[in-house]
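Protein chains get the first letters and strands the later ones, always in sequence-line order, with residue 1 at the start of each. Worth saying up front: this structure is predicted, and the values here are computed from it rather than measured.
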Amino acid sequence: EAQVTQNPRYLITVTGKKLTVTCSQNMNHEYMSWYRQDPGLGLRQIYYSMNVEVTDKGDVPEGYKVSRKEKRNFPLILESPSPNQTSLYFCASSLRRLAGDRELFFGEGSRLTVL
Amino acid sequence: GQNIDQPTEMTATEGAIVQINCTYQTSGFNGLFWYQQHAGEAPTFLSYNVLDGLEEKGRFSSFLSRSKGYSYLLLKELQMKDSASYLCAVRPLSGGSYIPTFGRGTSLIVHP
């Protein structure tokens, strides 16, 4: 089954304790992205990657890191989490091609609480 | 940059028709998406418009006017399960990237 898998789905942590949210897709998609979603603010892009070893900042990259060592994986790293990073996080992927719908496929979301 | 506007909230009656509007301003345009998102769940793809006109898909239709920077999502024969947030997303045309920017979403409440 084609899917985007995120882990963990739920996490409560404390300020300053490094954490990683993993994202994996099995559709051979070139493009992957991380979003955070907060009430009243919608989906905001954190980082994206157009292919292996190619990453770039989105609209709200502060406090986050990413890596793309393999095509299928795109982990989101919070080196020193703070309470303002409490949010619902979504990983998404799509094909990068010139024609066609190129729809985004989303993971199920990871709800992170930083105390 | 891009600016996407859609109403924050709408209510409608079961069985009725509702139209959710989306206006956008973008430096380049390469398609507009509509996604549905139920509370606490991932967004799911509804439609994609790249040319002007109406695209119909069952109870849902999406319209695009590129010259006006305007789209709408039309939901017919509303059902209770249509209560969700509807996200408009615009894909720009810049430097070969196809990264969509999302609006803040319209929360649709369907009541009996």
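Taking all atoms of both residues into account, the shortest heavy-atom contact from B:Ala42 to A:Gly107 is CB-O, 2.9 Å.
With a 6.0 Å radius and a threshold of 12 heavy atoms from other residues, nucleotides or ligands, A:Ile12 has its CD1 atom at or below the threshold. More than 12 non-hydrogen atoms from other residues, nucleotides or ligands lie less than 6.0 angstrom from CD of B:Glu14.
In this structure A:Arg9 satisfies the salt bridge (Lys or Arg N to Asp or Glu O under 4.0 Å) test together with A:Glu108, sequence neighbours excluded. Shown here are the ring pair (Phe, Tyr, Trp, His ring centres under 6.0 Å) partners of A:Tyr64, two or more places apart in sequence or in another chain: A:Tyr89. With sequence neighbours excluded, the residues satisfying salt bridge (Lys or Arg N to Asp or Glu O under 4.0 Å) with B:Glu56 are B:Lys76.
Both A:Val21 and A:Val60 sit in one connected hydrophobic cluster of ILVMFWY residues. Membership requires side-chain heavy atoms under 4.5 Å apart, directly or through other members. B:Tyr86 is connected to B:Met10 through a chain of hydrophobic side-chain contacts under 4.5 Å among Ile, Leu, Val, Met, Phe, Trp and Tyr, so both are in one cluster. By the criterion of side-chain heavy atoms lying less than 4.5 angstrom apart, applied directly or through intervening Ile, Leu, Val, Met, Phe, Trp or Tyr residues, B:Val110 is grouped together with B:Leu46 in one hydrophobic cluster.
Proximity to chain B among residues 38-45 of chain A is limited to A:Gly40, A:Leu41, A:Gly42, A:Leu43, A:Gln45, judged by heavy-atom separations below 4.5 angstrom.
Residues B:Phe102 and A:Gln37 form no side-chain contact, since every pair of their non-hydrogen atoms from C-beta on lies 4.5 Å or further apart.
Note that CZ of B:Phe45 and CZ of A:Phe106 are 11.5 Å apart. Values are rounded to the nearest 0.5 Å. Atom-to-atom distance recorded for B:Tyr48:OH and A:Glu103:CD is 11.0 Å, nearest 0.5 angstrom.
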